[in-house]
Protein chains: 2
Amino acid sequence: MDQDMSQQKRPLTLRDVSEVSGVSEMTVSRVLRNRGDVSAATREKVLNATKTLGYVPNKIAGALASQRVNLVAVIIPSLSNMVFPEVMTGISDALDDTPLQPVVGVTNYLPEREEKVLYEMLSWRPSGVIIAGLEQSETSRAMLINSGIPVVQIMDIDGEPIDAMVGISHRRAGRKMAEAILKSGYQNIGFMGTQMPLDHRARKRFEGFTQALGKQGVEIMDQEFYTGGSALAKGREMTAAMMERSPELDFMYYSNDMIGAGGLLHLREQGISVPGQMGLAGFNKVELIDGLPQRLATMDSCRFEIGQMAAKIIASRNDPTLEPMSNVIELSPKIAYGDTLRRK
Amino acid sequence: MDQDMSQQKRPLTLRDVSEVSGVSEMTVSRVLRNRGDVSAATREKVLNATKTLGYVPNKIAGALASQRVNLVAVIIPSLSNMVFPEVMTGISDALDDTPLQPVVGVTNYLPEREEKVLYEMLSWRPSGVIIAGLEQSETSRAMLINSGIPVVQIMDIDGEPIDAMVGISHRRAGRKMAEAILKSGYQNIGFMGTQMPLDHRARKRFEGFTQALGKQGVEIMDQEFYTGGSALAKGREMTAAMMERSPELDFMYYSNDMIGAGGLLHLREQGISVPGQMGLAGFNKVELIDGLPQRLATMDSCRFEIGQMAAKIIASRNDPTLEPMSNVIELSPKIAYGDTLRRK
DNA sequence: ATGAAAGCGCTAACAT
DNA sequence: ATGTTAGCGCTTTCAT
């Protein structure tokens, strides 16, 4: 029963499989990669050997030899944001029928972290890079360009891509929401969101929003920005404070659904009728808040599709048999009116 | 200004840096890794060369040569579960002052996916594996044992580890909650949770819970299990259905905070007083629901610390200068009574 | 303080 | 259908 347990430490190599199965390393390699013609008999032998030995190939060596690494670097600001796990799901989904595998790096919204993570990732020579946002540091841009690796910037398309980009126009999203709100008859509008410098996409939505209001002669009546803490609680607090400050408000636009949900809960507790006395809208369309007493008006940020398309671009660049794809893909988010933005 | 742009494709190698800086590849390598003695002057020259060239080292080659890969494989069932991103945060936190880097693999709760992901990960010969749960398939266990790599199983300690484990006892967690509920005077208890086979830890909590109730002669009065969908909405629906079915209930125990939050919202809308008429408790202590009208009673699952400790174990195994650590670390979750479980 | 040689475990390219 | 030969770009070890 017992094998020779004398030294269990050295990892197995192709050579070991070769010896056990009695064929050359090269043939073993062929079997393992389903390459070239191998007779069913040898194939069998080799597979048996790998199984009984418990051989796991060494991709490090394989990658060095073949100059090919089937990894896609995915660089995102955070995992706790709801949004990014869904992007990941889209990426995994699209990569599932390719040999490519995603590897995640998290930057915590810090440009310096981004540079470090990117450097680490690039040092593995991945087959592609998917990175959130259009605004990277000069250093990061230089690294990406220099690498010669396919790069897809995601989430945002308001700007110039390094290579390819797929996302939505946050400016347009902000504009569309502003127009819908005005059209519904609301006039006294407050805004709540994340502290801007941290979040370019929220900033762009805000810019689009105020711009579209301005075009119709409306100005934001009140605004407030937060950082950190539980978004639900923050939404609650900010909404309370803003109601206090600006009682004439008849609409609250939130830069994300979670703070919007907090606001909604607060208003309902106060007995303020939504969307009658007060309209509300958020952004992202997160499933998480689906069980609230009312469905918050929002706008889909298309994150699953974004991940999917980005991954498909990388895949197409790495497989000449695939259709080449456009380098700029704009997705069009639609307004979900829910129950907190009355329809005109 | 322009360099020779004739061929921008070939990635730079140590050799390129060596030529530009006028020192041997070996010395360049030393500088880049801060190894051995290098004069300040050469150091300077080399660093300049790497900077101007934009050289990024090739870790594939480095890893093959040094037989060392500074990656830690982290294998978790899902990213959209709230819980796991926090584990990741703990891991990153602990790894930040080491040369190690986490790489995430997601299994979607599927044993076959787990095997595949594990195989892929192991083929990169990481310095450690952190994997969620104690129950892996035979194949997965064999791979882990065979690999000779340090393995830390996390989240759960009710069982035998392959190598090391850090987590909480979910059985004990279930028991403690049952005892607290009974002590508070509730007697007619309903349970809602995820479909069991998918989630061993929820199952263990349930077992501990019913066992502790049984000890005091109490049986679960009603129970319901769900899969998929928005947890908040599910909690709402299940709670409504259960109230209908079993109007005598005076306590609802939820296997996670999100469905508990849904239940809470539903009950409040129905005008049922919590925790007077009905007590509630969840599990996990997720910050996400902090802004609800009442704080749900819950139990901290210690996920940040779990990630941290697991990462520290891996780090200590890879660095002989670090203190060796215990292979079994049990964390003790505390009950947070919140506003939905009255204190006796 | 610096350099030269060997080889990590695979695969590409060429035999046979 | 199978085997042989050279590396891939680094780091280890040993010289100098």
Side-chain angles (χ1 to χ4, degrees), chain A residues 9-47 49-50 53 55-71 99 119-120 122-127 147-148, chain B residues 9-47 49-50 53 55-71 99 119-120 122-127 147-148:
Chain A
K9 291 275 79 171
R10 182 181 59 81
L12 298 163
T13 69
L14 263 192
R15 177 167 199 88
D16 297 304
V17 182
S18 163
E19 275 164 12
V20 170
S21 59
V23 289
S24 75
E25 293 182 39
M26 202 48 235
T27 303
V28 176
S29 171
R30 286 197 181 98
V31 171
L32 263 29
R33 290 173 300 140
N34 307 303
R35 277 275 204 303
D37 304 288
V38 183
S39 74
T42 26
R43 208 186 135 69
E44 182 82 1
K45 273 191 294 184
V46 169
L47 256 19
T50 59
L53 286 174
Y55 171 74
V56 176
N58 184 331
K59 287 219 176 176
I60 307 267
L64 183 61
S66 67
Q67 306 279 63
R68 226 193 317 277
V69 180
N70 288 329
L71 258 24
Y119 185 82
E120 292 292 325
L122 289 179
S123 72
W124 290 102
R125 305 284 189 270
S127 295
S147 73
Chain B
K9 292 276 80 173
R10 181 182 59 80
L12 298 163
T13 69
L14 264 192
R15 176 168 201 85
D16 297 304
V17 183
S18 162
E19 275 164 11
V20 170
S21 59
V23 290
S24 75
E25 291 182 41
M26 204 44 241
T27 303
V28 175
S29 171
R30 287 198 179 95
V31 172
L32 263 30
R33 290 173 301 139
N34 305 304
R35 277 274 204 306
D37 304 290
V38 183
S39 74
T42 25
R43 207 186 136 69
E44 182 82 0
K45 273 192 295 187
V46 169
L47 257 18
T50 60
L53 286 174
Y55 170 74
V56 176
N58 185 331
K59 288 218 176 178
I60 306 269
L64 183 60
S66 66
Q67 305 279 67
R68 224 193 318 277
V69 180
N70 289 328
L71 295 177
Y119 185 82
E120 291 291 325
L122 289 179
S123 73
W124 290 101
R125 304 283 189 269
S127 296
S147 73

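In what follows, every chain begins at residue 1, and chains take the letters A, B, ... in the order their sequences are listed.
Residue B:Tyr55 has no polar side-chain atom (N or O) positioned under 4.0 Å from OP1 or OP2 of D:dG9. Contact annotation: A:Ser39 side-chain N/O to D:dT2 OP1/OP2 distance is under 4.0 Å. Close to C:dC10, at under 4.0 Å from its OP1 or OP2, lies no side-chain N or O of A:Ser29. For the pair A:Thr42 and D:dT2, the criterion of a side-chain N or O lying under 4.0 Å from OP1 or OP2 is met. Of the side-chain N and O atoms in A:Arg15, none sit less than 4.0 angstrom from OP1 or OP2 of C:dG7. Proximity of A:Ser24 to the phosphate of D:dG3: a side-chain N or O atom is located under 4.0 Å from OP1 or OP2. Applying the 4.0 Å criterion to OP1 and OP2 of D:dC10, one finds that B:Gln67 has every side-chain N and O outside that range.
Residue-level contact check: A:Asp37 touches the bases, meaning some heavy atom is under 4.0 Å from a base atom.
Each of B:Thr27 and B:Ala61 has a nearest nucleotide on DNA chain C; the 5'-most of these lies closest to B:Thr27.
One can find a donor-acceptor pair under 3.5 Å joining the base of C:dG3 and the side-chain atoms of B:Arg30.
Between the side chain of B:Ser18 and the main chain of B:Leu14, no donor-acceptor pair closer than 3.5 Å is present.
Atom pair B:Leu12:CG and D:dC8:P shows a separation of 15 Å (rounding to whole Å applied). In this structure, the CG atom of B:Asn58 is 18 Å from the P atom of C:dC8, given to the nearest Å. Going from atom CH2 of B:Trp124 over to atom P of C:dG9 covers 16 Å, rounded to whole Å. Between the CZ atom of A:Arg68 and the P atom of C:dC10 there is a distance of 16 Å, given to the nearest Å. Between B:Met26 atom CE and D:dG9 atom P there is a gap of 17 Å when expressed in whole angstrom units. For B:Arg35 and C:dG3, the CZ to C1' distance is 18 Å, given to the nearest whole Å. Following rounding to the nearest Å, B:Glu19 (CD) and C:dG3 (P) show an atom-to-atom distance of 13 Å. Put simply, CD on A:Glu25 is 18 Å from P on D:dG7, counting in whole angstrom units.
Ion pairing between a basic and an acidic side chain is recognised when a charged N comes within 4.0 Å of a carboxylate O; A:Arg10 and A:Asp16 show such pairing.
Here the side chain of B:Leu64 is nearest to one of D:dG3, C:dG9, C:dC10, namely C:dG9.
You'll find the side chain of B:Arg30 stays beyond 4.5 Å of the side chain of B:Asp37, heavy atoms only. With contacts defined as side-chain heavy-atom distances shorter than 4.5 Å, the pair B:Tyr55/B:Val46 does not qualify. B:Asn34 has its side chain within reach of B:Arg43: a pair of non-hydrogen atoms, C-beta onward, lies under 4.5 Å apart.
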